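As the structure is a prediction and not an experimental result, all values here were calculated from the model. Chain identifiers are assigned alphabetically (A, B, ...) following the order of the sequence lines, protein sequences preceding nucleic acid strands; residue numbering begins at 1 within each chain.
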Protein chains: 2
Amino acid sequence: MSSVPRTIEWRNSAVVLLDQTLLPTQVATIEITTVSVLVDAIQRLAIRGAPALGVAGALGVVLAMDQCIRESWSPTQLDDAIDAIRNARPTAVNLAWAVDKVRPLVPEGRDVVFAAAQQIAAEDEAANHAMGKLGADWWLNKVGDRPLRLLTHCNTGSLATTAWGTALGVIRELASRGRIEVVFADETRPLLQGARLTAWELDQEGIPYKVLPDGAAAMAIMTGEIDGALIGADRIVANGDSANKIGSLGVALACNAAGIPFMVVAPESTVDRSMKTGKEIHIEFRNDEEVCNFAGVRTTPLDATSYNPAFDVTPARYIAAVVTEKRVYEIANGEDLNTGSAA
Amino acid sequence: MSSVPRTIEWRNSAVVLLDQTLLPTQVATIEITTVSVLVDAIQRLAIRGAPALGVAGALGVVLAMDQCIRESWSPTQLDDAIDAIRNARPTAVNLAWAVDKVRPLVPEGRDVVFAAAQQIAAEDEAANHAMGKLGADWWLNKVGDRPLRLLTHCNTGSLATTAWGTALGVIRELASRGRIEVVFADETRPLLQGARLTAWELDQEGIPYKVLPDGAAAMAIMTGEIDGALIGADRIVANGDSANKIGSLGVALACNAAGIPFMVVAPESTVDRSMKTGKEIHIEFRNDEEVCNFAGVRTTPLDATSYNPAFDVTPARYIAAVVTEKRVYEIANGEDLNTGSAA
């Protein structure tokens with residue numbers, strides 16, 4: 001069993017979060033009993049990752065209902081508090097999705113909402129395990145039933161989800177079968193989710209790993225150090241084009257040049273079949289400070305500006321397979337995200 | 001004219017260095033009058049870049065001769081001091097090369113050695129300007145006579161050479177002709193030579209630029225933000241395979257996928273025709289600390305290890321052209337580094 005503390009859970013009338021801003025040097029949890037503290041925790045990224053934010057949103061509604069009773073709020077105050085949670089991060093689809101899912105249950109009482117929130121968490125965890133098994137089977141069939149050397153980018157582990165992880169869930173499943181030799185974890189600039197969070201999760205699990213600068217991934221891949229690469233996704237469109245943390249595309253190009261598989265792992269809720277190709281995906285650009293500073297130290301001239309997209313889009317032609325909890329889409333064999341669906 | 005202070009020069013009986021460890025937040029020079037202080041400055045990277053280290057080595061011999069007179073050294077003490085300079089960084093070929101070039105002149109007196117050192121600096125600067133012109137002509141012929149959007153990696157400017165630069169010398173030449181729209185400067189992890197040094201040089205010159213995480217280069221290239229990329233080299237072998245700062249290979253792969261030119265710019269002294277392909281190049285791996293720490297802040301778990309090659313090798317098939325002070329080698333048109341040579 002994992003010794004990693006849970007990313008988010010309900011304990012003694014409080015939402016308890018693992019504070020991800022302190023990792024990897026400090027492992028500390030925050031007990032939250034008010035809506036304003038929860039919103040602040042979401043905004044300063046103490047909790048992050050789309051599936052994890054979904055659970056935070058649903059449990060946040062329970063928190064708001066408890067605070068409403070305790071502080072004798074009016075119905076309008078309760079509504080405003082739930083809105084504040086829902087809009088804490090406008091780009092996190094799962095946050096609004098989960099709040100919208102439990103909100104209609106508020107009139108049925110606090111225990112019904114609490115059960116629905118727990119259900120969202122349980123379903124996310126079950127989906128992660130299903131993806132892990134499907135993905136692990138794919139690698140062992142495709143590359144060989146032996147310990148593998150896999151590269152990943154950003155953080156897709158239990159810290160980004162309720163538990164287990166998406167791409168990192170596949171790695172955990174392979175490790176549980178004795179089929180991981182080493183994981184290469186891209187540090188993932190500018191926010192270092194790989195160096196800070198993925199390395200910490202692998203360390204906790206006792207899975208062998210190395211951290212590398214993002215620019216070193218192409219060399220590791222092209223010189224035969226790696227059997228394949230796998231990442232998560234923020235949005236996967238109908239043809240298989242996949243948006244994920246900036247730096248993913250370069251990993252895919254190197255895998256393609258080296259002739260090794262590149263896999264995308266994400267829940268069905270990440271699939272957006274309303275978009276035909278990746279050209280339709282809106283890419284968020286973030287501020288200069290993330291690139292021009294590091295740990296409070298200025299790294300560029302004071303008036304420097306940056307090119308700082310949060311995500312890039314990997315075209316389907318560079319993707320071997322997309323894995324969800326439902327099935328493996330064999331993109332390299334001509335399947336797309338509509339394959340096997342009723343749509 | 002450039003307002004950038006010189007990387008290294010002789011002034012008032014001293015070697016005066018721009019301290020590159022303090023850039024970009026502080027612009028300060030160090031006056032050096034003893035061999036031990038010079039060796040320390042080289043080892044802690046106050047000066048770096050192969051051509052710049054060559055000049056430091058040659059001027060270092062003058063410094064040793066002056067100190068020998070001042071402190072009444074024995075001939076053995078003088079020899080040991082010159083050896084200490086020559087071996088301050090064993091991997092910097094130009095350092096030993098320049099010391100070996102001026103050392104036989106020591107019996108002819110201090111002024112002869114000084115003139116030879118100045119000659120090395122002058123020849124390096126002249127070579128840089130020649131590369132700049134050849135490279136600039138190539139881009140305008142190949143891509144179009146208009147302001148260009150070019151991407152570069154690491155630092156190849158006046159800070160790495162005596163003056164002007166190699167790949168950044170081509171960019172300076174294009175800027176002097178009004179043919180630069182914007183330069184994308186990869187930050188170049190782990191040591192951030194792009195963010196710290198290239199950005200500073202561009203800032204000083206008033207050339208428009210943006211700093212980007214290395215992982216964002218593929219997106220910039222694949223989405224049409226860039227007309228082409230150009231880098232320096234640490235070693236170029238006979239078939240055109242080129243070793244350069246880690247991260248260069250990923251830029252080349254993305255340019256190849258996007259169908260835009262990737263150029264290597266370096267002096268003839270960087271060409272090693274004794275090696276047939278890049279497989280023969282020995283790659284230096286560096287310590288974990290560079291990846292796992294930044295400015296005293298730990299970015300990974302305490303017992304993390306890293307994959308930290310200092311260089312990667314870009315295969316000739318991804319290189320459009322190699323530019324030296326002598327000529328442009330049209331690698332994509334089937335030329336190699338023996339083309340046009342007597343060998």
*Select one option (side chain, backbone, both, neither) describing which atoms of B:I283 are under 4.5 Å from chain A's heavy atoms.*
side chain
*asked:* Is any side-chain heavy atom of B:D303 closer than 4.5 Å to one of A:D203?
replied: yes
_Portion of B:V211 that has a non-hydrogen atom of chain A nearer than 4.5 angstrom_ = both
*Heavy-atom contact with chain A under 4.5 Å, split by part of B:Y209*: both
*Which of B:P24, B:A218, B:G247 touches chain A most, by non-hydrogen pairs under 4.5 Å*: B:P24
*asked:* Using heavy-atom distances under 4.5 Å, tell me whether A:T25 contacts chain B through its side chain, its backbone, both, or neither.
replied: side chain
*asked:* If you define the side chain from C-beta out and look only at heavy atoms, does anything of B:D214 sit under 4.5 Å from A:P213?
replied: no
_Largest heavy-atom contact set with chain A, pairs under 4.5 Å, which of B:L253, B:D312, B:T299_ = B:T299
*Mind ranking B:L212, B:T305, B:V313 by heavy-atom pairs under 4.5 Å with chain A and telling me who comes out on top?*
B:T305
*With side chains defined as the heavy atoms from C-beta onward, is the minimum distance between A:M219 and B:Y307 less than 4.5 Å?*
yes
*Specify which of A:I246, A:L302, A:D186 makes the most heavy-atom pairs with chain B at under 4.5 Å.*
A:I246
*Side chain from CB out, backbone as N, CA, C, O: work out which of these in B:T188 comes under 4.5 Å of a heavy atom of chain A, or both, or neither.*
neither
_Summary of salt bridge (charged side-chain N to carboxylate O under 4.0 Å, His left out) pairs that have at least one residue in residues 240-251 of chain B, sequence neighbours excluded_ = none
_Residue pairs fulfilling salt bridge (charged side-chain N to carboxylate O under 4.0 Å, His left out) with at least one residue in residues 189-200 of chain A, sequence neighbours excluded_ = A:R189-B:E187
*Heavy-atom distances under 4.5 Å only: say whether B:L192 touches chain A with side chain, backbone, both or neither.*
side chain
*So do the side chains of B:N308 and A:K210 get within less than 4.5 Å of each other, counting heavy atoms only?*
no
*For B:P301, is it the side chain, the backbone, both, or neither that has a heavy atom closer than 4.5 Å to a heavy atom of chain A?*
both
*Side chain, backbone, both or neither: which part of B:E290 has a heavy atom under 4.5 Å from chain A?*
neither
*asked:* Taking every non-hydrogen pair under 4.5 Å, which of B:G250, B:A220, B:P190 racks up the most with chain A?
replied: B:A220
*When only pairs under 4.5 Å are counted, which of B:V291, B:T223, B:V297 shares the most heavy-atom pairs with chain A?*
B:V291
_Is B:S306 close to chain A through its backbone or its side chain, or both, or neither, when contacts mean heavy atoms under 4.5 Å?_
both
